[in-house]
Amino acid sequence: MELKTKQKNKKNKAINICLDKNEILTPNRLLILDILLGSEIPISAYDINALIKNKGKNLNISSVYRVIEFWVKLNVVHKISFLNKYMVCDNTDEKHTHITNICTSCLSVIETCNKSMGLDLEESSKKLGVILSPDVNIEIPIICHKCQ
Ligand SMILES: [Zn+2]
Ligand SMILES: [Zn+2]
C-alpha cells in the first residue's frame, strides 16, 4: 500500500509524537497506523483486522483495539463514536478542540477546529458550570458537498 505525500507527512508526525513520549514504535503500532492512513474514510477495528489478515498476518481483535487505543491516547487517531470507527487526525498540531465533521452518507470526514467554526466551547462550558474535557474530538454529522 503506497501512501500519498500527505499521508507520509502524517505518518512522520505520528512517529515523532510516539518517540517524543518515549513510547516504543512496535511493528504492530506501525502496521495499524499504515492501515489507518491508507483509508479514505474512518474504519473499524474489525476492518483493520481484516486488512491485517489480507497481508498474511494475524492479530487478535483485542490486540488491534489495544494498538488503536494507544494512538487515540496520543491524539494521533480520532475515534468516531457514533460509527465506532477510527481515523488518523488531520492536523496533530491543532491546539484547539478538534472537530470531525462526518458525512452521514459517504462517511468522508472534514476536520476543523472549534475556533475556525466560531464555537467558544470554554465559554459555553462555563455557562453550564462545567469544564470542557480536553483532548477529545467533537463529532458533527454533516452531508458533504458530493452527497448534497
Ligand atoms: Zn484532529
Ligand atoms: Zn458524502
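It should be emphasised that the depicted structure is a prediction, and the values quoted were computed from it without experimental measurement. Numbering of ligands and ligand atoms starts at 1, following listing order. Residue numbers count from 1 along this sequence.
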Determine whether T112 and N101 satisfy the following criterion, side chain to side chain donor-acceptor pair (under 3.5 Å), listing intermediate values before the conclusion.
CA-CA 7 Å; T112 56; N101 300 272; 3.1 Å; yes
Could you tell me whether the Zn ion (ligand 2) has an N, O or S atom of H145 under 2.8 Å away?
no
Near the Zn ion (ligand 1), which protein N/O/S atoms are found at less than 2.8 Å?
H78 NE2, C89 SG, H98 ND1, E111 OE2
Looking only at non-hydrogen atoms, find the nearest pair between I32 and V64 and report the distance.
CD1-CA, 4.0 Å
Hydrogens and angles aside, do N60 and S62 bring a side-chain donor and acceptor to less than 3.5 Å of each other?
yes
Within a reach of under 6.0 Å around CD of E122, are more than 12 heavy atoms found that belong to other residues, nucleotides or ligands?
no
To check your reading of the site, what angle at the Zn ion (ligand 2) do SG of C106 and SG of C103 form, to 10°?
110°
Please determine, by modelled atom types, if T92 and N75 share a side-chain donor-acceptor pair under 3.5 angstrom.
no
For E123, is the CD atom crowded, meaning more than 12 foreign heavy atoms sit under 6.0 Å from it?
yes
Indicate whether the side chain of H78 and that of E139 have a donor and an acceptor atom separated by less than 3.5 Å.
no
